[in-house]
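Values reported hereafter were calculated over all heavy atoms of this structure, with side chains retained and with hydrogens, waters and symmetry mates removed.
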Amino acid sequence: MSLPTKDIADKTVENGNELFPIFLKLHNLQTLLVGGGNVGLEKLSALLNNSPQAKVNIVADRFLPEVKSLANAHANVNIIERKFEENDLDGADLAILATDDYQLHQYICTLAKERGILVNVADTPELCDFYLSSIVKKGNLKIAISTNGKSPTVAKRIKEVLNENIPSEIDETLEHMNQLRNTLSGDFSDKVRALNAATATLVQKPEEQVPLSPRKVSFAIWSLVVAFAALTFYVVWKEEPEFRAYVEGINPKFYWFLGAGFVFAMIDGAIGMSYGVTSTTFSLSLGIPPASASTAVHISEILSNGIAGWMHFKMGNVNKKLFKILIIPGIIGAVSGAFILSSLEEYNHYTKPLISVYTLILGIVVLKKALNIQRKKRAKAKKITKIGPLGFFGGFIDAVGGGGWGSIVLSTLIAGGRSARYSLGTVKMTRFFIALLSSLTFVTMLDGLRWYAVAGLVIGSALASPIAAKVSNKISAKTIMVAVGIIVILASLNTISKFLLAF
């Protein structure tokens, strides 16, 4: 038995949003916009941002300068500077009302319904035939968001989430799919099956896929390295007396750096930062010159950052365009910093306190983050565009100070409006090359490098890498950050005070 029409309508409303979404070709339609104030500017901007060739007549007795400027920049937009008249609806397909006169809106709605013209009225859902959506646009992909007129603010927030998480590279996927579709032959069902197969991974549930697990890959590599190293050590120890004598004569500080590398890698795994600053501060406190300290830190980071960067790349977290813009200036800055610091190695008693000032600042930054000492959030920042200078500065400071590429470049990109996920993946990927090239520069330039420090940090951090992630879930990040901040600050102040007392 069929339900009466009214009952069907009531049931639909109970089930949620009953609106039917469509995408209009506004360049083929005539739109009437009534209102030239702030709301009119908002509506006109929404129309032209999505359909630059839209044909729009704007009627108002007053216009903001911004409305006129926007209208003058589009050939299909006409301004009619007077009060609304009934004949303004002639030839219109859509009407958007954006004044503060409710009675005028009611009057126009009555006229529009008589002519079969659909109407949108700003902030008055009961008079609307349709709503303007919040729009997410990524090249050819466009997503319209509706809350059934309940809350434009929620629609705006959902738009921000989608803009953040849908990669810009999705447009490349659409272009590739279009090219694939044009090459397909056969009947309609054959083409549908081929396209469904090509796009299956976009809709598979996580458990249906077989993704590479960063933790499993890291653990497998770590296990192989440890097993190979242990086997090699045992064979050489048994067969080579000279090797045994060499091991017994290793500088005792090697074991300090071995333990330190393990602890600092665990800290980095727990809070996602501070390996560079803790390692550098520790090295300086044991009397290692700044250039040798930076060398040890960068060499020990090559493997870990290489693995992390590769995993981010495989997971699609690397913005290729950002990577290309960032990598060359970053390498130039890192090599330049490494060259200058290596050239000043004989003056390390002067450069050491300067590097300690840098680590002191980083220690304060870590402590402030731990204690949530930060300014109130500002309005959303414009997307940063000067990527090249940022990469050069970050690479230079990273090489000179033994760390800082992540804290400088990543934080600036995110604060400048860049996607956090793609910024992190790209910074990790570039970090591998920064560490590699600056290390090569240091090794080439320096004589008498403290290899016991390098080896200790490399082996210690490698041993810690597979278990750091597990430990990070069991230790309070805030507690670790406070401890790291205080230790780095005190160690840096100690080095600076020794320098001042020497005068």
Side-chain angles (χ1 to χ4, degrees), residues 5-6 9-10 12-13 17-135 142 144-156 159:
T5 304
K6 182 179 184 303
D10 291 342
T12 304
V13 172
N17 193 329
E18 62 177 342
L19 301 176
F20 184 78
I22 59 174
F23 288 90
L24 300 174
K25 296 181 178 180
L26 290 185
H27 58 280
N28 291 336
L29 303 174
Q30 183 64 55
T31 302
L32 172 67
L33 174 59
V34 181
N38 288 319
V39 180
L41 175 61
E42 178 186 339
K43 301 300 184 183
L44 181 62
S45 298
L47 292 173
L48 297 178
N49 284 341
N50 286 281
S51 299
Q53 303 302 319
K55 294 187 290 186
V56 185
N57 290 332
I58 315 175
V59 177
D61 56 353
R62 307 188 294 277
F63 284 91
L64 289 176
E66 294 87 347
V67 175
K68 289 186 175 181
S69 175
L70 184 58
N72 291 334
H74 294 79
N76 292 332
V77 179
N78 300 312
I79 286 182
I80 304 172
E81 196 161 357
R82 56 167 171 75
K83 292 184 179 294
F84 170 82
E85 296 178 359
E86 183 176 343
N87 59 8
D88 289 328
L89 290 169
D90 293 346
D93 299 296
L94 302 172
I96 298 176
L97 313 183
T99 75
D100 56 0
D101 189 337
Y102 182 78
Q103 291 183 339
L104 175 62
H105 289 173
Q106 286 184 311
Y107 171 64
I108 297 175
C109 284
T110 301
L111 296 175
K113 289 185 183 299
E114 293 174 355
R115 296 170 178 240
I117 299 172
L118 298 178
V119 179
N120 171 268
V121 184
D123 296 325
T124 316
E126 64 271 16
L127 295 181
C128 290
D129 295 313
F130 66 94
Y131 301 137
L132 299 184
S133 307
S134 287
I135 302 295
K142 184 173 288 186
I145 304 165
S146 168
T147 60
N148 204 13
K150 300 296 184 183
S151 177
T153 301
V154 170
K156 178 182 177 182
K159 170 185 174 180

Taking the side chain as everything from C-beta on, heavy atoms only, tell me whether [X] gets closer than 4.5 Å to [Y].
X: L70; Y: E66; value: no
X: L97; Y: C109; value: yes
X: I80; Y: E85; value: no
X: K113; Y: V119; value: no
X: D123; Y: Y102; value: no
X: T31; Y: I96; value: yes

For [X] and [Y], which heavy atoms make the closest approach, and how far apart are they?
X: L19; Y: S146; result: CD1-OG, 3.4 Å
X: G37; Y: L64; result: C-CD1, 3.4 Å
X: Y131; Y: N120; result: CA-ND2, 3.6 Å
X: A98; Y: K43; result: CB-CG, 4.2 Å
X: T99; Y: G35; result: CG2-CA, 3.8 Å
X: G40; Y: L33; result: O-CD2, 3.7 Å

To the closest 0.5 Å, what do you measure between [atom1] ([X]) and [atom2] ([Y])?
X: E42; Y: N38; atom1: CD; atom2: CG; value: 9.0 Å
X: L111; Y: Q106; atom1: CG; atom2: CD; value: 12.0 Å
X: T147; Y: N17; atom1: OG1; atom2: CG; value: 8.0 Å

More than 12 heavy atoms from other groups under 6.0 Å of [atom1] on [X]:
X: R62; atom1: CZ; answer: no
X: D129; atom1: CG; answer: yes
X: N78; atom1: CG; answer: yes
X: K156; atom1: NZ; answer: no
X: E81; atom1: CD; answer: yes
X: N28; atom1: CG; answer: yes

Exercise for the section: Might you work through the side-chain contact (heavy atoms from CB on, under 4.5 Å) test for D101 and Y107, ending with a clear yes or no? Expected result: CA-CA 10 Å; D101 189 337; Y107 171 64; over 6 Å; no

Practice task
Please step through side-chain contact (heavy atoms from CB on, under 4.5 Å) for the pair V121 and E126, ending with a clear verdict.
Solution key: CA-CA 9 Å; V121 184; E126 64 271 16; over 6 Å; no

Completion exercise
Given the options V56, N76, L94, L48, L26 meets side-chain contact (heavy atoms from CB on, under 4.5 Å) only with L94

Handout entry: side-chain contact (heavy atoms from CB on, under 4.5 Å) evaluation trace for I58 with F63
Key = CA-CA 10 Å; I58 315 175; F63 284 91; 3.5 Å; yes

Problem - Carboxylate-amine/guanidinium contact R82 D88, below 4.0 Å - result: yes

Handout entry: T124 side chain to A122 backbone, donor-acceptor under 3.5 Å
Key =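 Yes, because the side chain of T124 sits within donor-acceptor range (under 3.5 Å) of the backbone of A122.
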
Problem - Under 3.5 Å side-chain donor-acceptor pair for S51 and H27 - result: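 The answer is no; no qualifying pair exists.
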
Problem - Audit row: L32, V59, side-chain contact (heavy atoms from CB on, under 4.5 Å) steps and yes/no - result: CA-CA 8 Å; L32 172 67; V59 177; 3.8 Å; yes

